[in-house]
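Below is one structure, written out as structure tokens, with a few remarks after it.
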Amino acid sequence: VRRMFWKHLTIIGSTMGPPKAFEEMLAMYGAGGLRPVIDRVYPLNEATAALKRMQEAEQFGKIVLRID
């Protein structure tokens with residue numbers, strides 16, 4: 001705990017919820033109702049810029065590297 005405090009670390013967690021909610025989530029996913037939020041798509045040759053954005057915590061959603 002002391003190490004987390006001094007390094008200003010954040011712990012984020014969640015609970016799975018009841019089995020029924022998990023089943024409903026799987027059904028929604030299977031029906032195409034859940035999609036990831038994509039912040040930006042970078043070409044592979046700009047991977048350094050993508051990593052910098054991730055390290056600076058500027059993104060909201062996923063950062064994608066596109067391979068052409």
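This one's a predicted model, so the numbers in the text were calculated from it and none came from an experiment.
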**Message:** Would you compute the distance between atom CE of M54 and atom CG of D39 and round it to the nearest 0.5 angstrom?
**Reply:**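 If we round to the nearest 0.5 Å, M54:CE and D39:CG are 11.5 Å apart.
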
Report, one line per pair, each donor and acceptor closer than 3.5 Å where one atom sits in a side chain of residues 22-30; sequence neighbours left out.
none

Identify every side-chain donor-acceptor pair in residues 57-68 under 3.5 Å, counting partners at least two apart or on other chains, and give the distances.
{"from": "R66", "atom 1": "NE", "to": "D68", "atom 2": "OD1", "distance (Å)": "3.0"}

**Asked** Do the side chains of Y42 and L51 join up, straight or via other hydrophobic residues, at under 4.5 Å, putting them in one cluster?
**Response**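 Yes, because Y42 and L51 connect within a single hydrophobic cluster, where side-chain heavy atoms sit under 4.5 Å apart.
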
